[in-house]
Number of protein chains: 2
Amino acid sequence: MESPSAFSSGVRRSHQPDTEGAITIAESVFRQIRQAIVEGSIPTGSKISEPELAKTYGVSRGPLREAIGRLEACSLVVRKPNVGARVMTMSNEQLLDIYYVREALEGMAARLAATQMSDTEIDKLRELLSMHGSEIEQEHGQAYFQKEGDLDFHYRIIKGSKNERLINLLCNDLYYQMRLYRYQFGMRSRRVPRAYNEHEYIVDAIANRDGEMAELLMRSHIRSSRKNIEQMLKEKALATGSNAS
Amino acid sequence: MESPSAFSSGVRRSHQPDTEGAITIAESVFRQIRQAIVEGSIPTGSKISEPELAKTYGVSRGPLREAIGRLEACSLVVRKPNVGARVMTMSNEQLLDIYYVREALEGMAARLAATQMSDTEIDKLRELLSMHGSEIEQEHGQAYFQKEGDLDFHYRIIKGSKNERLINLLCNDLYYQMRLYRYQFGMRSRRVPRAYNEHEYIVDAIANRDGEMAELLMRSHIRSSRKNIEQMLKEKALATGSNAS
DNA sequence: GTTTCTTATATTGTCGACAATATATACTAA
DNA sequence: TTAGTATATATTGTCGACAATATAAGAAAC
């Protein structure tokens, strides 16, 4: 509804194809719903009613279904034939599964980034990191993670790998799921300062063009994050008394 | 066309939902096209004409488009808005990209399999492996590679990780692309015997419940495979005289 | 002869309607 | 009252038709 692309308005003047842009309704609705999901506007586990959402976004069921298909492709919704789609609810096991995948993929990304990133890219990464550092001092660390600054850092390294497949897997699929989880569980990390230091070490390794070390550090970084979450889940299970298998 | 699920035929007798099966036309046609692509029946790079394929499979364009969407999700086709879809053509770079991703993911899979696979699963894996061994002796390894027996082994270990996300990524996406590539380039591996031995070492590590070692060996295995391919690509480039960047 | 613009054709994207399936409601029987 | 069954309703899956865009064919200008 908002943001009508500058070219789509008005009449096409020539017969040259829209070499770029060319946003389709299905794609637009897909992005909107995805945003709504990771923000929590559409609650976890809730049913996706096609007629309802179609009316909400003012489109027909056709493109809407295509949008749902894409959401399913990145695991943000699960769909049962003839029944419908629900927003994914992430079990503890699924969350940990994702961390193992991240450990493997981002470790590789760091290794590749150490050889693929340009010097200027590394400089900019350092800049970003020091910016985060000052934010942490100011706001006692909460802002850093809350505002998804942590993700920025990881994104940069992933992109730095210059491996298209790796980038797609992590940035288009896993990281949206991470954000969804973050909403679902609403956890605050207690290890912000330590995580920040780990980030610094990783950048150092990349700057030294030491791929082996960069991978080790990145894997250790993500592994620590996973163990932290495992710990929190354990405490949570004790607190509620409910036994999570 | 074949394999009509046992329940879908006949009249529904009760109002219980089809808790299982429930195959939709879109899903069916998706699988058929996917098979056709990895077999090479639909050539690499060829355009996917919606009206044409709809007639071929005897369905409307609706479910066909959904099928194409799923093919796009696993990168078997690339789609440009308002233009259409083409079967993916894998560049050398893309192929190598995939190998890096495989190295990371399957390495992790082997690590997890070492702790997650049951003893009987490991026994069955050994069985499969020795079967492959005898096949290789008989037919000098070509059949082994051609019949994709190699993939069986990797599948087992991936499944053995018991990590749903890992399994999905590898088995539903990357491996179909690998098969497509195998058709596109029609390469024969020269390192079947060596690969077989590497497989044995990997199983040993898993049987010893040594995840660290299993990961190292699996990564080395895939890395060797990649380097072999890099070598072949280099030779190919020299032979044709065309310079691949 | 080449290039540019115009027209025509084909394909993709979108829509509304119908069919098939699942879920909810009402009813009957024990 | 409860279990089971039959009806009614709602939702999903599929279809054919229309609109928008891109590609191909043809005409005009240089």
Side-chain angles (χ1 to χ4, degrees), chain A residues 1 4-33 42 46-72 77-87, chain B residues 1 4-33 42 46-72 77-87:
Chain A
M1 230 161 273
S5 103
F7 285 110
S8 67
S9 60
V11 180
R12 183 155 319 293
R13 295 169 292 297
S14 92
H15 289 201
Q16 323 245 65
D18 252 4
T19 48
E20 195 52 34
I23 210 66
T24 177
I25 292 184
E27 175 70 16
S28 159
V29 152
F30 160 65
R31 295 183 190 173
Q32 291 182 58
I33 300 181
I42 305 179
S46 66
K47 186 160 180 357
I48 302 278
S49 167
E50 291 182 6
E52 185 185 328
L53 277 199
K55 214 164 52 178
T56 300
Y57 291 100
V59 299
S60 174
R61 271 184 56 218
L64 180 77
R65 278 176 63 82
E66 187 165 333
I68 293 178
R70 298 187 196 189
L71 292 169
E72 185 187 22
V77 309
V78 314
R79 187 143 68 153
K80 269 193 279 192
N82 295 321
V83 174
R86 308 191 83 90
V87 179
Chain B
M1 225 160 277
S5 107
F7 286 109
S8 67
S9 59
V11 180
R12 184 154 319 294
R13 295 171 293 298
S14 88
H15 288 200
Q16 322 248 68
D18 251 3
T19 48
E20 194 53 32
I23 209 68
T24 176
I25 290 183
E27 175 70 17
S28 160
V29 95
F30 160 64
R31 296 184 189 171
Q32 292 181 58
I33 300 180
I42 305 179
S46 65
K47 186 160 180 355
I48 301 278
S49 166
E50 291 182 6
E52 184 185 330
L53 278 198
K55 215 164 53 178
T56 301
Y57 292 100
V59 299
S60 174
R61 271 183 56 218
L64 179 78
R65 278 175 64 83
E66 188 166 332
I68 294 178
R70 298 187 197 190
L71 291 169
E72 186 188 22
V77 309
V78 314
R79 187 143 66 152
K80 267 194 279 192
N82 295 320
V83 174
R86 307 191 86 89
V87 179

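Note that the structure is a prediction, hence the values are computed from the model and not measured. The chains referred to below are lettered A, B, ... by the order of the sequence lines, with proteins before strands, and numbering in each begins at 1.
- Nucleotide C:dG13 holds its P atom 7 Å from the CD atom of A:Glu66, rounded to whole Å.
- B:Tyr57 has its OH atom 16 Å from the P atom of D:dT14, to the nearest Å.
- Atom CD in A:Glu27 sits roughly 17 Å away from atom P in D:dT21 (whole-Å rounding).
- Taking side-chain N and O atoms only, A:Lys47 has no distance below 4.0 Å to OP1 or OP2 of D:dA10.
- Qualifying side-chain contact (heavy atoms from CB on, under 4.5 Å) partners for A:Glu66, counting only residues two or more places apart in sequence or in other chains: A:Ala26, A:Arg70, B:Arg65, B:Arg79.
- Ranking D:dT12, C:dG13, D:dT14 by closeness to the B:Arg79 side chain, first place goes to C:dG13.
- Under the rule for a side-chain contact (heavy atoms from CB on, under 4.5 Å), the partners of A:Ser46 that lie at least two apart in sequence or sit in another chain are A:Ile42, A:Pro43, A:Val87.
- When heavy atoms are screened at a 4.0 angstrom cut-off, A:Ile48 is found touching the sugar-phosphate backbone but no base atom.
- Going from atom CD of B:Glu52 over to atom P of C:dT11 covers 9 Å, rounded to whole Å.
- Nucleotide D:dA10 holds its P atom 18 Å from the CG atom of A:Asn82, rounded to whole Å.
- Summarising the geometry, the separation between CD1 on B:Ile23 and P on C:dA22 is reported as 13 Å, rounded to the nearest angstrom.
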Which atoms of nucleotides 15-20 of chain D (N or O only) lie under 3.5 Å from a protein N or O atom, and what are those distances?
{"from": "D:dC15", "atom 1": "OP2", "to": "B:Ser60", "atom 2": "N", "distance (Å)": "2.9"}

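- Heavy-atom contacts from other residues, nucleotides or ligands closer than 6.0 Å to NZ of A:Lys55 number 12 or fewer.
- At C:dT12, none of the side-chain N or O atoms of A:Thr24 fall inside 4.0 Å of OP1 or OP2 (strictly under the cut-off).
- Looking at B:Ile25 and B:Tyr57, their side chains never come closer than 4.5 Å, going by heavy atoms from C-beta outward.
- Among residues two or more places apart in sequence or in another chain, the salt bridge (Lys or Arg N to Asp or Glu O under 4.0 Å) test is passed with A:Arg86 by none.
- The nearest whole Å value for the distance from the NZ atom in A:Lys80 to the P atom in D:dT11 is 17 Å.
- Listed by chain and residue number, A:Ile23, A:Glu27, A:Arg34 satisfy the side-chain contact (heavy atoms from CB on, under 4.5 Å) test with A:Arg31 (two or more places apart in sequence, or in another chain).
- Looking at residues two or more places apart in sequence or on another chain, you find no side chain to side chain donor-acceptor pair (under 3.5 Å) involving A:Glu52.
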